[in-house]
Colleague: 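Structure below; questions to follow.
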Number of protein chains: 6
Amino acid sequence: MQISARNKIEGTIKGIQKGEVASTVKIEISKPTTMTSMVTKEAVEELGLKEGDKITVVIKASEILLLKE
Amino acid sequence: MQISARNKIEGTIKGIQKGEVASTVKIEISKPTTMTSMVTKEAVEELGLKEGDKITVVIKASEILLLKE
Amino acid sequence: MQISARNKIEGTIKGIQKGEVASTVKIEISKPTTMTSMVTKEAVEELGLKEGDKITVVIKASEILLLKE
Amino acid sequence: MQISARNKIEGTIKGIQKGEVASTVKIEISKPTTMTSMVTKEAVEELGLKEGDKITVVIKASEILLLKE
Amino acid sequence: MQISARNKIEGTIKGIQKGEVASTVKIEISKPTTMTSMVTKEAVEELGLKEGDKITVVIKASEILLLKE
Amino acid sequence: MQISARNKIEGTIKGIQKGEVASTVKIEISKPTTMTSMVTKEAVEELGLKEGDKITVVIKASEILLLKE
């Protein structure tokens, strides 16, 4: 299976915070870089996500901003 | 200056492809992980982006999907 | 493989228009409903997308607006 | 009134889940295809959304990913 | 007609740049504040957008980042 | 510091509503125009956002829809 999104990074779930509708998932992609994703609580439950799971972070190129110091 | 976006990763520009309106920028965040951003050509020109520039990739948590094998 | 995105709809590619950087892909999800996706030209080429291909449209719940008449 | 978004699909609300800030709305666009939108709770209340309402789902082309098996 | 998006600002088109697939539209929302939208060239043509048109800019709350100095 | 996002508008925070995971922030950009941003509760806390703060709203050009009456 191939996805059009240009950005796919493997990581490990380090924490999940569930709200009533939304949830945030913390994913360590390389020490010490951690990414944060906000998905529906339904997605967290349907995928059975839990700390320690191997996961791939997927981001469309058009969603990435650039910051130059 | 602080930004609300939960994801900020430093990298180096490895390539830029300019179209008439849109452009893609390739950023190496750690060997061998490269990210791809699509921004306006205007942004590339206003920031004076070029290969070798140090840059920070910024992504809002709500733009990140998760893929579980 | 499971994806966190809440919206996955199967369809058939009915047309592709490639620009220098961006491309639009038309996908028929059920007669006569056609969806339009904008992805990078690189994605179209890497996935080898062409008219007639079976494809799944993926949309994060947070990207959907609602319009009430 | 015309909107720039390339994707407009009519459906019927099949369920609403309200959190403190965010809400998810389930919309049946054709049997058995249901879409899920995440909007603010404020939007659900301002539009007076409820089960059974006819609604149009609106998605910008740049928010649609493609998955090829 | 009501839209779930929390941000709707009226303005006037000050310029349009068309690429092969994407286009940028400059909208003055109040002197001297101008906003820039990237939409498909198809949207610009279907809506018949041109300089001087009155237009409403629409932004979903989840697409807005905050920057604090 | 320069950001690729084409839209940066200064304003003042007029209200914050915190959920368990997500939060909405109301920003007055010019009387009587108020914008609404949805960010993580974590972002609100990390930036120490509170009513009366001067803040810059940041929006990528590709996230803006256009509505023509």
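Chain naming here is simple, since letters A, B, ... match the order of the sequence lines and numbering starts at 1 in each. Note that this is a predicted model, so its numbers are computed, not measured.
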Colleague: Evaluate C:Ile16 against C:Leu49 for side-chain contact (heavy atoms from CB on, under 4.5 Å), listing each step before the verdict.
Modeller: CA-CA 8 Å; C:Ile16 297 174; C:Leu49 300 182; 3.9 Å; yes
Colleague: With a 4.5 angstrom heavy-atom cut-off, is it the side chain or the backbone of D:Ile27 that approaches chain C, or both, or neither?
Modeller: side chain
Colleague: Would you list the atom pairs in which one atom of chain D and one of chain C form a donor-acceptor pair under 3.5 Å?
Modeller:
from, atom 1, to, atom 2, distance (Å)
D:Asn7, OD1, C:Thr36, N, 2.7
D:Asn7, ND2, C:Thr36, O, 2.9
D:Thr36, N, C:Asn7, OD1, 2.7
D:Thr36, O, C:Asn7, ND2, 2.9
D:Ser37, OG, C:Ile64, O, 2.8
D:Met38, N, C:Ala61, O, 2.8
D:Leu47, O, C:Lys68, NZ, 3.1
D:Thr56, N, C:Leu67, O, 2.9
D:Thr56, O, C:Leu67, N, 2.8
D:Val58, N, C:Leu65, O, 2.9
D:Val58, O, C:Leu65, N, 3.0
D:Ala61, O, C:Met38, N, 2.8
D:Ile64, O, C:Ser37, OG, 2.9
D:Leu65, N, C:Val58, O, 3.0
D:Leu65, O, C:Val58, N, 2.9
D:Leu67, N, C:Thr56, O, 2.8
D:Leu67, O, C:Thr56, N, 2.9
D:Lys68, NZ, C:Leu47, O, 3.1

Colleague: One pair to check against side-chain contact (heavy atoms from CB on, under 4.5 Å): D:Ile13 and D:Val25. What are the steps and the verdict?
Modeller: CA-CA 7 Å; D:Ile13 295 178; D:Val25 181; 4.0 Å; yes
Colleague: Where on C:Ile29 is there a heavy atom nearer than 4.5 Å to chain D: the side chain, the backbone, both, or neither?
Modeller: side chain
Colleague: Starting at CG of C:Leu65, measure out to CD1 of D:Ile59 and round the result to the nearest 0.5 Å.
Modeller: 9.0 Å
Colleague: Looking only at non-hydrogen atoms, find the nearest pair between D:Leu67 and C:Ile55 and report the distance.
Modeller: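 D:Leu67 and C:Ile55 have their closest heavy atoms at O-CG1, 3.6 Å.
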Colleague: Select one option (side chain, backbone, both, neither) describing which atoms of D:Ile3 are under 4.5 Å from chain C's heavy atoms.
Modeller: neither
Colleague: Which region of D:Val39, side chain (C-beta onward) or backbone (N, CA, C, O), has a non-hydrogen atom less than 4.5 Å from a non-hydrogen atom of chain C, or is it both or neither?
Modeller: side chain
Colleague: Checking heavy atoms, do the side chain of D:Ile9, its backbone, both or neither come under 4.5 Å from chain C?
Modeller: side chain
